[in-house]
Amino acid sequence: MSNLKACIFDLDGVIVDTAVYHYKAWRRLANQLGFDFTEEQNEELKGISRIESLKIILNWGAVSKTEEEMQALATLKNTWYVEMITKMTPQEILPGAKEFLELVRANHYLTALGSASKNSETILRQIGLMHMFDVLVDGNKVTKSKPDPEVFLVGAAELNVEASACVVFEDAIAGVQAAKTGGMKAVGIGNATVLKEADLVVPGLYEMTIEKLENL
């Protein structure tokens, strides 16, 4: 793919794994509301916005709340989550992520973060990778959840490159679908049978090379 100019990275599950913190915070909220849910169910929340995640969880517990109550619950969950992520360290960067970011930047590719998280800047500062991204697009800049391609299209626009010149790195089905809908290449991070819509699937960024990137 000779016209490739930019790499857009999801955060959770690609650069770091904060899923455990989301799970703990959401589960604490569910327990407070009188029910529980499993780690398997938690997988369904990957790549989904905070309010959409809350709606799914409330549905699991057959709990009904007003819009105002849902906003308060989402804020409470986020407070607990932020308390946990502000203790994160560079040791929590996923294997190969820092090295691959260094590699793509050394080869003059632009880099952007494309995440639903509203706490992405906090996380990047904690793990020491803020300087690795030319552009940061997260839940504070966009309103539509993946599989809507908004987060990636805003990233391409801020980098001033065409969508077709971007490749997205994603661990969630919704994220891969968002990339493809936006007219971008997609590299799935995880299981090839799950992320079958991606152009390439690797178990982690430690398996990525410039050759694989250029051959997309």
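On a predicted model such as this, the values are computed, not experimentally measured, just so you know.
Linking ILVMFWY residues whenever their side-chain heavy atoms come closer than 4.5 Å, directly or via other members, places Val14 and Val104 in the same cluster. One hydrophobic cluster holds both Leu205 and Phe133 under the rule that ILVMFWY side chains link at heavy-atom gaps under 4.5 Å. Val167 and Val151 fall into different hydrophobic clusters, defined by Ile, Leu, Val, Met, Phe, Trp and Tyr side-chain heavy atoms under 4.5 Å apart, directly or through other members. Leu200 and Ile173 end up in different hydrophobic clusters when Ile, Leu, Val, Met, Phe, Trp and Tyr side chains are linked at under 4.5 Å. Ile8 and Leu216 fall into different hydrophobic clusters, where Ile, Leu, Val, Met, Phe, Trp and Tyr side chains are chained together by heavy-atom contacts under 4.5 Å.
Under the salt bridge (charged side-chain N to carboxylate O under 4.0 Å, His left out) criterion, Lys118 pairs with no residue at all, not counting sequence neighbours. Remark: Thr38 engages Glu40, Gln41 in a side-chain contact (heavy atoms from CB on, under 4.5 Å) (not counting sequence neighbours). In terms of the side chain to side chain donor-acceptor pair (under 3.5 Å) criterion, Gln71 has no residue partners (sequence neighbours excluded). Gln32 meets the side-chain contact (heavy atoms from CB on, under 4.5 Å) test with Leu76, Trp80; sequence neighbours excluded.
Counting all heavy atoms, side chain and backbone alike, Asn42 lies closest to Trp60 at N-CH2, 4.2 Å. Between Asn191 and Val201 the shortest heavy-atom distance is C-CG1, 3.9 Å. Shortest non-hydrogen contact noted between Phe152 and Ala178 is CE1-CB, 3.8 Å. Nearest approach of Ala156 to Met184, heavy atoms of both residues: CB-CE, 3.9 Å. Of all non-hydrogen atoms in Val176 and Ala198, the two that sit nearest each other are CG1-N, 3.6 Å.
Annotation: Lys196, atom NZ; neighbour count of heavy atoms from other residues, nucleotides and ligands within 6.0 Å does not exceed 12. Heavy-atom contacts from other residues, nucleotides or ligands closer than 6.0 Å to NZ of Lys5 number 12 or fewer. The number of heavy atoms from other shown groups lying within 6.0 Å of NE2 (His108) does not exceed 12. At most 12 non-hydrogen atoms from other residues, nucleotides or ligands lie less than 6.0 angstrom from CG of Asn160.
Residues Leu11 and Leu124 form a side-chain contact, since some pair of their non-hydrogen atoms from C-beta on lies under 4.5 Å apart. Side-chain contact between Val20 and Met84: absent, with no pair of heavy atoms (C-beta onward) separated by less than 4.5 Å. For the pair Ile51/Glu67, no side-chain contact is recorded, criterion being any heavy-atom separation below 4.5 Å from C-beta on. A 4.5 Å side-chain heavy-atom check between Ile189 and Val202 finds at least one atom pair inside the cut-off. Met208 places a side-chain heavy atom less than 4.5 Å from the side chain of Leu213. Proximity of Thr89 to Gln126: side-chain heavy atoms (C-beta onward) are nowhere separated by under 4.5 Å. You'll find the side chain of Pro147 stays beyond 4.5 Å of the side chain of Thr181, heavy atoms only. Within the 4.5 Å cutoff, the side chain of Lys98 has heavy atoms near those of the Glu102 side chain.
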Open item on the list: Pair Tyr23, Phe37 - check side chain to side chain contact (heavy atoms under 4.5 Å, CB included), show working.
Closed with: CA-CA 9 Å; Tyr23 177 53; Phe37 66 93; 3.6 Å; yes
TODO: Please assess Val187 against Asp199 for the test side chain to side chain contact (heavy atoms under 4.5 Å, CB included), listing each intermediate value before the final yes or no.
DONE: CA-CA 6 Å; Val187 173; Asp199 298 284; over 6 Å; no
Task: side chain to side chain contact (heavy atoms under 4.5 Å, CB included) evaluation trace for Glu214 with Leu4 - done: CA-CA 7 Å; Glu214 290 172 349; Leu4 183 64; 5.7 Å; no
- [ ] Could you please spell out the steps behind the side chain to side chain contact (heavy atoms under 4.5 Å, CB included) verdict for Asp134 and Leu159?
- [x] CA-CA 7 Å; Asp134 298 301; Leu159 288 170; 3.8 Å; yes
Open item on the list: Is there a side-chain hydrogen bond (donor to acceptor under 3.5 Å, both in side chains) between Glu162 and Ser164? Walk through the geometry before answering.
Closed with: CA-CA 5 Å; Glu162 296 290 327; Ser164 59; 5.2 Å; no
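Using modelled atom types, one finds a donor on one side chain and an acceptor on the other under 3.5 Å when comparing His22 with Lys77. A donor-acceptor pair shorter than 3.5 Å can be found between the side chains of Tyr21 and Glu92.
With rounding to the nearest 0.5 angstrom, the CG atom of Leu129 is 12.0 Å from the CZ atom of Arg125. The distance from atom CD1 of Ile48 to atom CG of Leu54, rounded to the nearest 0.5 Å, is 13.0 Å. Note that CD1 of Ile57 is 7.0 Å distant from CG of Leu29, once rounded to the nearest 0.5 Å. With rounding to the nearest 0.5 Å, the separation of OH in Tyr206 from CG in Leu94 is 9.5 Å. Here the straight-line distance linking atom CG of Asn107 with atom CG of Leu103 works out to 5.5 Å at 0.5 Å rounding. One finds the CE atom of Met130 at 9.0 Å from the CG atom of Leu113 (value rounded to the nearest 0.5 Å).
Listed by first and then second residue, the ring-ring contact (aromatic ring centres under 6.0 Å, His included) pairs that reach into residues 159-178 are Phe9-Phe169, Phe100-Phe169, sequence neighbours excluded. Applying the side chain to side chain donor-acceptor pair (under 3.5 Å) test to residues at least two apart or on different chains, the pairs with a partner in residues 139-154 are Asp10-Lys146, Ser49-Ser145, Asp138-Asn140, Lys141-Glu158, Lys146-Glu170.
Counting only distance, with no hydrogens or angles, the side chain of Ser117 and the backbone of Gly139 share no donor-acceptor pair below 3.5 Å. Between the side chain of Glu69 and the backbone N or O of Thr66 there is at least one donor-acceptor pair closer than 3.5 Å. Counting only distance, with no hydrogens or angles, the side chain of Asn215 and the backbone of Glu211 share a donor-acceptor pair below 3.5 Å.
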